[in-house]
Amino acid sequence: MLEISARLEEALNRAFIKVFPKEARNSKTSSILTGSHLVPASKPEFGDFQINCALSLAKEIKQPPRDIAQQIADQLQKDNDFVKICNPPHIAGPGFINLSVNSKTLISEIHFRLNDKRLGVPLKKFSSEKKIEEGKNNNRVIIDFSSPNIAKEMHVGHLRSTIIGDSLARVLEFCGYEVLRLNHVGDWGTQFGMLITHLKEVVPEALHTKDIVEISDLVNFYRQAKKRFDEDQIFQNKSRSEVVNLQAGKQESLLAWQLLCKQSRKEFQKIYDRLDINLTERGESFYNKFLVDVINDLKSKNLLIKDQGAQCIFLDGVVGKDGKPQPIIIQKSDGGFNYATTDLAAIKYRLTTPPHGDGAFRLIYVTDAGQASHFSGVFQIAKLANWIPTDCQIEHVPFGLVQGEDGKKLKTRSGETIRLVDLLDEAIQRAREDLKDRLKTENRSENESFIDKVSTTVGIAAIKYADLSQNRVSNYQFSFDKMLSLQGNTAPYLLYALVRIAGISRNGGDLNVSSQNIQFNEPQEWTLIRKLLQLDCAIAEVEKELLPNRLCGYLFELSQIFNRFYDQVPILKASEPERTSRLALCSITANTLKLGMSLLGIPTLERM
RNA sequence: GGGGCUGUAGCUCAGUUGGAUAGAGCGACGGUUUCCUAAACCGUAGGUCGUGGGUUCGAGUCCCGCCAGCCCCGCCA
C-alpha cells in the first residue's frame, strides 16, 4: 500500500494546485496543503485512506469544509492516475474525504505478491557513488545490544536488549541497510583484578597454558572471588596490583583475562544459539587504545575542566542532589577511565570513516531506560566535540523493566536475579506440558522428537513475542501463563494460524498458485486482502520508530482476520475459480506471517 | 532537590505527523462443530483516557500546573 499511497498523495497535490492555485502559493495555506493529509482510514468502513485537510483549510480559505472537500473530490475524479486506483471519493462527516482502492488495483497487487519474495516491501537503494566519495557506507547502521558482562551469567536483565536489538537488526537488514550488530560486552574494568588473582590461586596452570582449563561454573567462581575480595585485605591488595598488571599488558595477566573471556563467551553463545541471535563481539577493551585520544581531543577543544582531580565536563542543566552542577567524569582522579570515556571512544570510532573506524551513519543503542541520562550526556559531549557529522543519527532506544506479576522487578522467590537459561527452560517445559495435555484430550499420539521440536519452538517464540509485542518504553509484566496462552495476542495464536494453512496444504490445497484467474466476492476475502497489502506500512513503521510491537500488532490483526476468513469461508470445498483464489490468499497469508515472524526472530511450525 | 519514564475497561495492554461513536486480548456472561487442527469463530456487558487549566473548528495525542508509581543523578557499568 505504500506505493499506492504515494501515488494518491501525488494526485492529491495535483488537485490542490488546480483547485486552490492562489492558496498553494500563499505561505500560510501552502504549509497546510503541502503537509501530508492522506492517512490510512481510521476505520475499515471509511475505506482505505482518508483526507483530513478540508477541515484545517476551512478557516484560512473562508469556505465551509464540506464545500472544500467536494471541490477536491471533484478534481481528483478528473485525475487519470487517481481514477485508475480508486473508487469515487466520499465526503463524510464534517469534511472528511474517504477513499477506497478499487478491486482491480487490489487484485493486481495480490497477483504481484504471489510472485514476489519480498511481498511488496521495497528494498532501499543507496547510491554507490556517495559511498566511494566519502569513503564510507552511507547505509551502514550499528546496533549496540545485549552486552552482558564477562564472568557473569546472562540474566533476565539482558533479555529485552537482546530480543529487541535482534529484531530491529533483522528489520533494518531486510529494509536494505548494512547492519553491524555489536555486542559491547563488559570485558574490562577493576573486577578483573580479583578474578585473575582468584584464578591464579585456584587454577595456576591457566596462566601458562592455553586452552586446557575449564571453569565449569563461572558464576560460582565470580562469587568466590567477590567473597574473598570483600573479606580478605591481602587478597584485595593483590587484586589491585593485578589490575595494574593487566593494564600494563603483562603476559600472564593477559592470558588469564583471555581465558575468562573465552569461557564466558562460550556460555553466552549457548544462549545466543538457543535464541538464534547473531552478534559480533566487540567489548569495552577494544576501545582502550583510543581512550587517550578521546581525552586529548576533548582537551584540545577546551571542553574539559579539572575538578577535585578528575577531568570533567559540565553540561547545562545537569544538576546533582545538592542542586550544584554535576560533572560527567571523563578521567578519574587516579588517571583511570570510566564508562563515559569508553562510550565516547566508541561513538567516535563507529562514526569515523574506515579504515580508522566503522563509518556508520546511524548508531542505535538498545539499553534500559535507566541509562537515558547517561546516554543523553554522552551524546551531548560527542556533539560538542563535533564528532557527529550532520547526516548521521545517534539514538538511545530505551526499554522498561521486566516485572513479575506482582508489578515489582522480576526476581526468584528467594529474591535472587533470574538466570536467562532458567527462564528459557521453564517456558519450554511449560509449553511441553501444555502440548502433552492437549495430545491427551485430543487423543493424538506424537513421537518424542515432535514434542521436543514443538515445545522448544513454542516456548522460545512465546518469550520473544511477549516481549516484542509490548511497546518497549513501558515496563513489561512477565507472565508464563499469558505468553503461552493459546488465545489473544500471543506467539501460539500466530503460530496456529500458520498451522491451519499448512493443514490446508496437507489436505490437498496447492499453495503454489500462479493462475491469472482469481476473483473475490466475499467481504472476508476483501478484508484479508487489504490487511495483506499493509505489510509494507507495518515494516516501514518499525524502521522509522524502532518499535517492534507495531509489527506484532499487524501480525496479530492479520491472524485474526485470517481466522475469521478460515472459519466463515470454505476453501478446499469451494468450486473454481473461488478455490484457487482462496488458496492464493492462504499462500500470501502464510508467507506474510512467516516473513513477519522471521523479522521478529521467531521460528514457525507446520504442525503443533 | 534536579532529570527521565509511566498513568486509558476488573486485569494486561494498543492507540501511527491532533480528526469521525477511544480499540484489542484476558477474565465474566451467552451462542457456534455431519466441514480444511474448536489452540478457532460469533455475540453481550464493561471508560469522567490520573487531575485542573490552556491552545484548536476538533485533544487520549500538543503546552503549563498538580497528584501517584517506577527509574537515574561524582570518580561502578
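Chain naming here is simple, since letters A, B, ... match the order of the sequence lines and numbering starts at 1 in each.
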Can you tell which of A/T604, A/L535, A/L558 makes a side chain to side chain contact (heavy atoms under 4.5 Å, CB included) with A/L593? A/L558
Among B/rG23, B/rA39, B/rC36, find the nucleotide with the atom closest to the side chain of A/Y566. B/rC36
Give the nucleotide from the list B/rC76, B/rU16, B/rC41 with an atom nearest to the side chain of A/K332. B/rC76
Output yes when A/R160 and A/D368 qualify as a salt bridge under the 4.0 Å nitrogen-oxygen rule, no when they do not. no
Stacking check A/F46 vs B/rA20 (5.5 Å / 30 deg): yes
Any stacking of A/Y496 on B/rA40, going by centres under 5.5 angstrom and planes within less than 30 degrees? no
Closest to the A/D307 side chain: B/rA38, B/rU12, B/rG74? B/rG74
Side chain of A/Q308, heavy atoms from C-beta onward: which of B/rC36, B/rG74, B/rA77 has the nearest atom to it? B/rG74
Which nucleotide in the list B/rA39, B/rA24, B/rG19 gets nearest to the side chain of A/R438? B/rA39
Length of the CD1-C1' vector between A/I330 and B/rC75, whole Å: 11 Å
Please report the distance, rounded to the nearest Å, between CZ in A/R582 and C1' in B/rC35. 14 Å
Measuring from the side chain of A/V499 (C-beta onward, heavy atoms only), which nucleotide among B/rU37, B/rA14, B/rA77 has the closest atom? B/rU37
Select base, sugar-phosphate, or nothing to describe what A/N98 touches, counting heavy atoms under 4.0 Å on all strands. base
From B/rC75, B/rC57, B/rA39, pick the nucleotide closest to the side chain of A/S333? B/rC75
Of the candidate nucleotides B/rU37, B/rU12, B/rC75, which contains the atom at the shortest distance from the side chain of A/A310? B/rC75
Just say parallel, tilted or perpendicular for the rings of A/Y349 and A/Y287, cut-offs at 30° and 60°. perpendicular
State which of B/rA38, B/rC72, B/rA24 makes the closest approach to the side chain of A/S373. B/rC72
Rounded to whole angstrom units, what separation is found between the NZ atom of A/K544 and the C1' atom of B/rU17? 7 Å
Against the side chain of A/Q470, the closest entry in B/rA20, B/rA14, B/rC41 is B/rA14
Close side-chain approach of A/C586 to A/I571, heavy-atom, < 4.5 Å: yes
Which is true for A/G553 with a 4.0 Å heavy-atom rule: it touches a base, it touches only sugar-phosphate, or it touches nothing? nothing
Regarding A/N475, tell me which of base, sugar-phosphate or nothing describes its non-hydrogen contacts under 4.0 Å with the strands shown. sugar-phosphate
Salt bridge or not between A/R438 and A/D434? Use side-chain N to carboxylate O under 4.0 Å. no
Once you apply a heavy-atom cut-off of 4.0 Å, does A/R564 come out as touching a base, just sugar-phosphate, or nothing? sugar-phosphate
What nucleic acid atoms does A/G370 come within less than 4.0 Å of, heavy atoms only: base, sugar-phosphate, or nothing? sugar-phosphate
By the 4.0 Å heavy-atom rule, please label A/N563 as base, sugar-phosphate, or nothing. sugar-phosphate
Value in whole Å for how far the P atom of B/rU37 lies from CZ of A/F562: 11 Å
Considering Watson-Crick and G-U wobble pairs with both distances under 3.5 Å, what does B/rG74 pair with? none
